[in-house]
Amino acid sequence: MNKKTIIRTFEKIALYMELLGENPFKVGAFRKAANVLELDPRSLSEMDDILKLKGIGKGTGAVIIDLLEKGESDLLKELEIEVPSGLIPLLRIPGLGGKKIAKLREALGIDSLDSLRAACESHEVSKVPGFGKKTEEKLLQEIELLGTKKGKLPVWQIETIVKSIEAEMRGISEIIRFSVAGSFRRAKEESSDVDFIIVTDEPSVVREKLLEVLPIEETVAGGDAKLSVVLDMADLVDADFRFVTEAQFATALHHFTGSKDHNVRMRQIAKSKGMKISEYGVETEDGTVKTFDSEKEFFAYFDLPFIPPSLRMDGREIDRADEIAGLVTLEDIRGDFHMHTTWSDGGYSIREMVEACRKKGYSHMVITDHTHYLKVANGLTPERIRNQISEIRKLNEEYDDIEIFCGTEMDILPDGRLDFEDDLLQELDFVIASIHSNFNQSQEQIMERLHAAISNPYVNIIAHPTGRIIGQRDGYNPDVPQLIEWAKQYNKILELNGNPHRFDLAIEYLEIAQKADVKIAINTDAHAIDQLEHMGIGVKYAQKAWLKKETVVNTWPLEKFIREIIRK
DNA sequence: TGTGGGCGCACATTTGCCGTTTGCGGCAA
């Protein structure tokens with residue numbers, strides 16, 4: 001018997017009880033028991049007090065004893081007999097929950113998708129109290145659609161969708177202001193929908209205009225408080241628009257940014273003080289509703305610092321609020337150290353990239369075009385990069401407000417050699433090494449390549465260390481903890497590639513790296529000027545790993561950057 | 001069903017919108 005089995009047993013019991021239309025708190029008690037075990041870091045053999053855990057009581061404890069003594073649970077066995085297995089897929093039908101399924105089963109003996117479909121077609125469902133004609137029609141539709149439902153979309157796809165919706169909203173004059181909310185605002189790697197808060201005095205006008213200008217596949221719901229639609233934008237995507245007044249904006253933005261767990265924690269705090277948080281404000285004990293000019297003021301009202309959206313996760317961020325002041329922010333960023341120009345596969349000249357970085361207020365930057373192995377990217381030969389170096393040096397003399405360093409993003413070749421010889425690397429200020437080929441090699445071969453790069457004295461940083469593309473490919477599967485150890489050993493930087501396609505390293509590895517005192521560079525890897533903006537979302541992603549300012553080398557002043565990295 | 005506070009009974013992770021039906025389930029952050 002292991003912990004996983006116990007956890008899965010609890011979850012199954014909860015699921016079956018839900019299908020029986022059991023008391024939701026009873027169902028919840030089994031889910032909670034599963035959760036308690038999951039959150040406990042100890043293995044089963046280390047838990048001598050398992051029956052004494054908070055959340056495990058008489059009923060749930062009996063299940064554990066059953067499992068430990070007999071390897072199976074009597075309760076689950078009974079439920080499995082009582083609940084037809086065909087019922088389980090019914091929970092996936094939007095609009096059907098445990099209670100409605102139980103009702104249908106009791107009234108019509110529904111025990112599978114097929115019997116439900118038949119009951120809808122013979123119009124028996126609409127005769128059941130609580131169900132009507134519309135529900136019956138909708139159920140039939142949903143049954144046909146089952147399985148074709150859209151999954152989660154990667155953040156880079158969501159970003160495109162958000163931008164295009166925002167462009168449409170700017171054209172609606174009745175919209176006073178708006179903001180994206182939801183999981184995209186929290187910089188999640190994947191989202192299942194997009195959420196917007198809209199300030200307007202004329203919600204119904206805005207609603208109708210949105211329905212006109214957006215590529216609507218389906219209108220799910222639409223009132224004066226919200227509009228829910230399915231949009232047809234390359235992929236199908238759910239979109240929610242919430243209409244609020246200016247005064248409600250801050251609390252609405254907070255509420256619809258989530259996460260749900262974060263909101264629940266905040267509301268618990270309010271409740272313990274006799275107050276009530278909703279998206280419309282904070283209701284105090286005397287019944288008056290207080291609103292706020294900003295999320296910052298809202299948090300301050302509960303004696304909390306501003307918690308950045310990206311940190312609003314499982315609620316535990318509230319317990320760590322005093323650490324927030326030390327985390328990296330976009331304002332701390334002084335430079336971007338990975339970008340491409342027309343010399344390789346970038347879209348803009350060196351000068352144009354420099355001007356763009358100046359506009360961002362950076363004090364320094366590094367030009368890092370590809371090297372000649374990467375033919376598709378027009379990688380630079382030794383001769384061309386020497387020309388580029390002299391061009392950059394000349395250009396650098398024109399500016400006294402930004403320092404332009406000569407760098408490269410050098411390929412680590414499939415056989416473990418590096419694309420440039422040491423004597424050439426020596427002439428550069430900053431060397432990024434990265435893998436762009438032969439992803440299917442064994443982990444051993446990949447690690448040999450990475451070791452060759454990270455142990456080279458002229459290499460400063462390993463870029464996008466796993467090669468993953470979110471929602472598309474897993475990368476080349478390096479042993480990242482080992483790579484982090486090497487980074488520590490050779491005093492090298494690892495990259496957090498801020499391009500939303502990558503977010504590489506991922507959160508869990510960033511946390512390990514920071515613990516090991518390995519420095520991180522957040523880079524945009526920009527191939528065009530507008531991609532320099534990805535520093536913002538890159539920093540948000542870094543915050544999710546609780547990266548401190550001093551961990552991130554982009555926050556270092558120019559002098560420190562030169563002293564510790566360029567001329568170390 | 002579990003916990004807490006008191007041995008029987010609340011309250012449980014919060015709050016509000018919409019659709020469909022006319023009280024409430026499902027859903028969302």
Side-chain angles (χ1 to χ4, degrees), chain A residues 10 13-14 17-18 21-36 51-64 75 90-104 125-126 128-139 142 180-186 188 191-197 203 207 219-229 238-244 248 251-272 275-283 289 309 312-315 318:
Chain A
F10 280 138
I13 290 174
M17 286 184 166
E18 191 175 13
E22 265 283 12
N23 173 359
F25 293 111
K26 190 170 172 180
V27 176
F30 284 93
R31 292 235 160 87
K32 188 176 180 191
N35 195 245
V36 164
L51 296 177
K52 288 189 190 133
L53 286 176
K54 200 168 157 180
I56 307 283
K58 209 165 56 152
T60 47
V63 172
I64 295 177
L75 176 59
L90 299 188
L91 271 178
R92 292 208 316 268
I93 300 175
L96 274 195
K99 287 197 178 144
K100 284 197 169 175
I101 292 173
K103 241 185 214 173
L104 286 172
V125 169
S126 54
V128 180
F131 293 78
K133 213 170 156 51
K134 289 214 170 172
T135 310
E136 191 173 73
E137 281 165 20
K138 197 153 171 265
L139 282 176
E142 293 293 352
V180 70
S183 47
F184 178 74
R185 184 162 181 251
R186 304 200 312 274
K188 275 208 72 167
S191 302
S192 51
D193 68 351
V194 290
D195 300 278
F196 291 92
I197 305 298
R207 185 187 65 223
T219 304
V220 180
D224 278 353
K226 74 169 193 177
L227 172 66
S228 294
V229 293
D238 292 331
D240 278 324
F241 302 86
R242 315 292 301 221
F243 309 117
V244 296
Q248 296 164 339
T251 42
L253 180 62
H254 175 264
H255 174 70
F256 292 107
T257 295
S259 69
K260 177 186 160 230
D261 291 334
H262 171 84
N263 288 351
V264 169
R265 275 295 307 267
M266 289 300 296
R267 286 169 182 215
Q268 284 169 343
I269 290 169
K271 202 176 174 184
S272 71
M275 295 183 273
K276 216 165 83 173
I277 297 175
S278 81
E279 48 264 56
Y280 303 119
V282 176
E283 192 181 322
V289 174
R312 302 177 199 165
M313 296 181 275
D314 58 11
I318 291 169

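Here is how names work: the chains are called A, B, and so on, in the same order as the sequence lines, proteins then strands, and each is numbered from 1.
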TODO: Spell out, as yes or no, whether a donor-acceptor pair under 3.5 Å connects the side chain of A/Glu22 to the backbone of A/Val27.
DONE: no

Task: A/Arg312 side chain to A/Ser259 side chain, donor-acceptor N/O pair below 3.5 angstrom - done: no

TODO: Quickly work out the A/Glu136 CD to B/dT21 P distance and round it to whole Å.
DONE: 10 Å

Task: Audit row: A/Arg31, A/Glu18, salt bridge (Lys or Arg N to Asp or Glu O under 4.0 Å) steps and yes/no - done: CA-CA 11 Å; A/Arg31 292 235 160 87; A/Glu18 191 175 13; 3.0 Å; yes

Open item on the list: Go nucleotide by nucleotide along DNA chain B from the 5' end; which of A/Asp195 and A/Gly28 gets its closest nucleotide reached first?
Closed with: A/Gly28

Task: Set of salt bridge (Lys or Arg N to Asp or Glu O under 4.0 Å) partners for A/Lys271, sequence neighbours left out - done: none

- [ ] Under 3.5 Å for both distances, Watson-Crick or G-U wobble, that's the pair rule; now give the dot-bracket for DNA chain B, with | marking pairs to another strand and [ ] for crossing ones.
- [x] ((((....)))).((((((....))))))

Open item on the list: What I'd like to find out is whether the side chain of A/Glu279 reaches to under 4.5 Å of the side chain of A/Val244, using heavy atoms alone.
Closed with: no

Open item on the list: Just to be sure I understand the rule, does A/Leu53 reach a base, reach only the sugar-phosphate, or reach nothing, if contact means heavy atoms closer than 4.0 Å?
Closed with: sugar-phosphate

Task: Nucleotide B/dT1, atom P - distance to CD1 of A/Ile13 in whole Å - done: 11 Å

Open item on the list: Work out how far the P atom of B/dC9 is from that of B/dG19, and round it to whole angstrom.
Closed with: 41 Å

- [ ] Please examine the side chains of A/Met313 and A/His262, heavy atoms only from C-beta on, and report whether any two atoms are closer than 4.5 Å.
- [x] no

Task: Distance in angstrom units between A/Lys54 NZ and B/dC11 P, rounded - done: 18 Å

- [ ] Identify whether any heavy atom of A/Phe256 sits under 4.0 Å from a base atom; if not, whether one sits that close to sugar-phosphate; answer base, sugar-phosphate or nothing.
- [x] sugar-phosphate

Task: Same-atom distance (C1') from B/dT15 to B/dG6, integer angstrom - done: 31 Å

TODO: Tell me what A/Ser183 touches on the nucleic acid: a base, only sugar-phosphate, or nothing, going by heavy atoms under 4.0 Å.
DONE: nothing

- [ ] Could you tell me the separation between the CD atom of A/Glu137 and the P atom of B/dT21, rounded to a whole number of Å?
- [x] 10 Å

Open item on the list: It should be established whether A/Thr135 places a side-chain nitrogen or oxygen under 4.0 Å from OP1 or OP2 of nucleotide B/dT21.
Closed with: yes

Task: Between P of B/dT21 and NZ of A/Lys138, the distance in whole Å - done: 11 Å

Task: B/dG2 OP1/OP2 closer than 4.0 Å to side-chain N/O of A/Thr60 - done: yes

Show me the protein contacts with nucleotides 14-18 of chain B, counting only N or O atoms at under 3.5 Å.
residue, atom, partner, partner atom, Å
B/dT14, OP1, A/Lys271, NZ, 3.4
B/dT14, O2, A/Arg267, NH1, 3.0
B/dT15, O4', A/Arg267, NH1, 2.5
B/dC17, OP1, A/Tyr280, OH, 3.3
B/dC18, OP1, A/Ala225, N, 3.2
B/dC18, OP1, A/Lys226, N, 3.4

- [ ] Please work out if A/Asn23 contacts a base, only the sugar-phosphate, or nothing of the nucleic acid, heavy-atom cut-off 4.0 Å.
- [x] base

- [ ] Look at all strands and tell whether A/Arg186 reaches a base, only sugar-phosphate, or nothing, counting heavy atoms closer than 4.0 Å.
- [x] sugar-phosphate

- [ ] Determine the interatomic distance between C1' on B/dT20 and the same-named atom on B/dG25; round to the nearest Å.
- [x] 10 Å

Task: 5'-most by nearest nucleotide on DNA chain B - A/Leu91 or A/Gly132 - done: A/Gly132

Task: Spacing of the C1' atoms in B/dG2 and B/dC7 (rounded, Å) - done: 16 Å

Open item on the list: Roughly how many Å apart are B/dT21 and B/dA10, using the P atom of each and rounding to a whole number?
Closed with: 34 Å

TODO: Return the value, rounded to whole Å, for the distance between atom CE of A/Met266 and atom P of B/dA28.
DONE: 23 Å

Open item on the list: So does A/Ala221 get a backbone contact from the side chain of A/Thr219, meaning a donor-acceptor N/O pair under 3.5 Å?
Closed with: no

Open item on the list: Between A/Asp224 and A/Arg207, does any NZ, NE, NH1 or NH2 come within less than 4.0 Å of an OD or OE carboxylate oxygen?
Closed with: yes

Task: Protein-nucleotide distance (A/Lys32, atom NZ; B/dC11, atom P), rounded to Å - done: 17 Å

Task: Sugar-phosphate only, base, or nothing, as touched by A/Gly130 at under 4.0 Å among non-hydrogen atoms - done: sugar-phosphate

Task: d(NZ, A/Lys103; P, B/dG25) in whole Å - done: 7 Å

Open item on the list: Less than 4.5 Å apart, side chain to side chain, heavy atoms only: is that true for A/Ile64 and A/Leu51?
Closed with: yes

Open item on the list: Measuring only between side-chain heavy atoms, which start at C-beta, is A/Val63 closer than 4.5 Å to A/Phe10?
Closed with: yes

TODO: Write down the distance separating the C1' atoms in B/dA29 and B/dG23, rounded off to the nearest Å.
DONE: 25 Å

- [ ] Please say whether the positively charged group of A/Lys226, taken as NZ for Lys or CZ for Arg, lies over the ring of A/Phe241, i.e. under 6.0 angstrom from the six-membered ring centre and within 45 degrees of the axis.
- [x] no

Task: Rounded P spacing from B/dG4 to B/dC18 in Å - done: 38 Å

